[in-house]
Amino acid sequence: IVCAVGVGGLMLALGRPYSWYASPVLGRFLFGAPALLGFLGVLGATAPARVSPLADHRSLFAAALLLHWLLLILFVLRDLGSAYIPMMWVGPPLLARILSDRLFPARGGPLPPTHPWSAGVCALFFLSQAPAFLHVAQLVHEVLYFFVPVFGRAGNRPIPDLIVPALIGICGSVLFMLPLTVAPLLPRKDRLLRAVGLFAVAAVVAATLVAPHDGEHPKRIFAQHVRRQWGVAGGGGGAGDAAVAREESGMWVNCLDAVGHEQVMAFHGDYAASFPTPVAPDAIYGDLPWFLPFRQAVTNSRFYPTDVPAGIVDLVIEVSERGVVDGIRHVDVHVEGAHLMAMYVRDAASSPLVGWSFTDELPNSDGDAHFVFYANGKGTAWDFSLRVREGSQKLDVAIATHELIETAEMKRLRDDLPDWVDLPGFVSNWKSFSV
């Protein structure tokens, strides 16, 4: 596992990350070969100079049977047991144990590894482990088939180029744990080590020549053409639209992988001149139109100013107060916007929010803000109420619309980027107010 993670760090140092993502098959060899080399090195360092293959064979079978039985018990306790587990995992080793006593009867004294019986013992051992090996191999394939694409676009925390090698190293160690226990019995162990070492070096060289992304494994960048308006609720406690105090528009670009924006920024002039998205200390969930509550996971975003997005839907927010009951203000909010909207309500230790019309009790938040997502296929109106503790402190709220449309600026950005970049995007209208 350490060897596999070390190769992952080497690829990062060479400036060739994500080679395992663009070529998943190469990634398995890139990190699997070093893991296998380390496994063989540990076995070679701990193996005795002269062993009896027959005695070693019996002890290995005893350990294998014990391991299989423990796994079987665990499966049964977890309600995962089935008939093929004892039949395919435990049956062949038991049969091989019986055959080994008849085909290779024990004789006194230790035997050198080059004894002709070693080949027969090893062949019988491999055949007996084949069902379990194939079963584990299928599980390893499913694990990597699921997690490698996920980590390819999972974000920059933790670093996927260290997590994926560790995952492949663990899977490889589990897969080859039993077959490689007979490696000390092989007459040419040094040749095997050299061959695996050369294969690992060849995989590293091949990975440096592979592009980190391609059409089937693209680099994903999410672009939102946004309009942001900051303001306070008008009407002086009565009814009114949220008045606008400040406004700006721009392209908000999020990159979810650890490589970041540097790979593609130079292809687009405005993108190259972009700056890290500023977040004010008093921002409401970053003062940005998040479609999903992923703010804590996405830390690499950039912003550059543009004109107001053409065709953006108007966002009308009307706030009215019904009165004060037992020190609690009941505030009604009517929103006219889009079919998809999100609301962000500041949450802090001193937050005056005590309830709302969505649920009976306020749910837990991430300590920054409450996130509420709204979808309605029939209309664009959204009505809800907030219960706010009476006092001098105001409750900060923001609402954003989300529309799956492409503006001219977004199309220009998409056309300038290379073919191996996937750029899903949409338009958002964001407005904040206080009640």
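Residue numbers count from 1 along this sequence.
Using a 4.5 Å heavy-atom cutoff, the side chains of Phe294 and Phe371 are not in contact. Looking at Val253 and Ser274, their side chains never come closer than 4.5 Å, going by heavy atoms from C-beta outward. Proximity of Arg220 to Pro218: side-chain heavy atoms (C-beta onward) are separated by under 4.5 Å at one or more points. Val345 places none of its side-chain heavy atoms less than 4.5 Å from the side chain of Val372. Residues Lys219 and Asp422 form no side-chain contact, since every pair of their non-hydrogen atoms from C-beta on lies 4.5 Å or further apart. Residues Glu361 and Thr359 have side chains not in contact (no heavy-atom distance under 4.5 Å, counting atoms from C-beta outward). Within the 4.5 Å cutoff, side-chain heavy atoms of Thr208 are placed close to those of Leu14. Looking at Val148 and Trp20, their side chains come closer than 4.5 Å, going by heavy atoms from C-beta outward.
A distance of 6.0 Å separates CD1 of Ile163 from CZ of Phe151, quoted to the nearest 0.5 Å. Remark: Ile168 CD1 to Ile1 CD1 distance equals 12.0 Å, nearest 0.5 Å. Atom CD1 of Ile221 sits about 5.0 Å away from atom SG of Cys255, to the nearest 0.5 Å. Within the model, atoms CG of Leu386 and OG of Ser357 stand 7.0 Å from one another, a figure rounded to the nearest 0.5 Å. Note: Asp415 CG to Leu413 CG = 9.0 Å, rounded to the nearest 0.5 Å. Atom CD1 of Ile312 and atom CD1 of Ile405 lie 7.5 Å apart (nearest 0.5 Å).
The aromatic ring centroids of Phe373 and Phe291 lie less than 6.0 Å from each other. Aromatic ring centres of Trp252 and Trp290: separated by under 6.0 Å. Aromatic ring centroids of Tyr374 and His339 lie 6.0 Å or more apart. Ring to ring, His217 and Trp420 are not that close: their centroids are 6.0 angstrom or more apart. Residues Phe199 and Phe29 bring their aromatic ring centres within 6.0 Å.
When all heavy atoms are compared, the tightest approach of Ala223 to Leu423 is CB-CD1, 3.9 Å. The nearest pair of heavy atoms linking Ile284 to Ser432 is CD1-CB, 4.1 Å. Trp356 and His370 make their closest contact through CH2-CB, 3.9 Å (heavy atoms, listed as atom of the first residue, atom of the second, distance). Residues Tyr18 and Asp161 approach most closely at N-OD1, 3.0 Å, considering heavy atoms. In this structure, Leu30 and Met11 approach most closely via the heavy-atom pair CD2-CG, 4.2 Å. The shortest heavy-atom contact between Pro309 and Thr407 is CB-CG2, 4.1 Å.
The main-chain N or O of Ala400 is never found under 3.5 Å from a side-chain atom of Lys431 such that the two would form a donor-acceptor pair. In this structure a side-chain-to-backbone donor-acceptor pair under 3.5 Å is missing from His268 to Ala273.
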### Query
When you look at Leu395 and Val397, which way does the side chain to side chain contact (heavy atoms under 4.5 Å, CB included) test go after all the steps?
CA-CA 6 Å; Leu395 177 66; Val397 184; 4.1 Å; yes
#### Entry: Audit row: Val335, Phe384, side chain to side chain contact (heavy atoms under 4.5 Å, CB included) steps and yes/no
CA-CA 9 Å; Val335 182; Phe384 57 89; 4.1 Å; yes
### Message
If you apply the rule side chain to side chain contact (heavy atoms under 4.5 Å, CB included), what do you find for Leu144 with Leu167, and how did you get there?
### Response
CA-CA 8 Å; Leu144 298 180; Leu167 178 63; 4.0 Å; yes
### Query
What's the verdict on side chain to side chain contact (heavy atoms under 4.5 Å, CB included) for Glu336 and Asp314, showing C-alpha distance, side-chain angles and the deciding distance?
CA-CA 8 Å; Glu336 290 285 347; Asp314 290 332; over 6 Å; no
### Task
Go through the steps to decide whether Phe275 and Tyr304 satisfy the test ring pair (Phe, Tyr, Trp, His ring centres under 6.0 Å), and finish with yes or no.
CA-CA 7 Å; Phe275 47 85; Tyr304 61 87; 8.6 Å; no
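Checked against Glu403 for a side-chain contact (heavy atoms from CB on, under 4.5 Å), the options Val313, Leu340, Asn429 give a single hit: Val313. Put simply, the residue from Val201, Leu10, Val204, Val7 that forms a side-chain contact (heavy atoms from CB on, under 4.5 Å) with Pro34 is Val7. Between Thr306 and the choices Glu248, His225, Glu409, Arg227, the side chain to side chain donor-acceptor pair (under 3.5 Å) rule is met once, by His225.
For Ser428 and Gln224, the side-chain atoms include at least one donor-acceptor pair closer than 3.5 Å. Side-chain contact of Ser434 with Asp396: a donor-acceptor pair under 3.5 Å is present, judged by distance alone.
Taking a 6.0 Å sphere around CG of Asp307, one finds it holds 12 or fewer heavy atoms contributed by other residues, nucleotides or ligands. Atom CZ of Phe133 has more than 12 heavy atoms from other residues, nucleotides or ligands within 6.0 Å.
Salt-bridge formation is not detected for the pair Arg228/Glu247: no Lys NZ or Arg NE/NH1/NH2 atom is positioned less than 4.0 Å from an Asp or Glu carboxylate oxygen. The pair Glu406-Lys411 does not count as a salt bridge, with every side-chain nitrogen at least 4.0 angstrom from each carboxylate oxygen.
Judged by the 6.0 Å distance and 45° axis criteria, Arg346 is not positioned over the aromatic ring of Phe433. The cationic group of Arg246 lies under 6.0 Å from the six-membered ring centre of Trp230 and within 45° of the ring axis, placing it in a cation-pi geometry.
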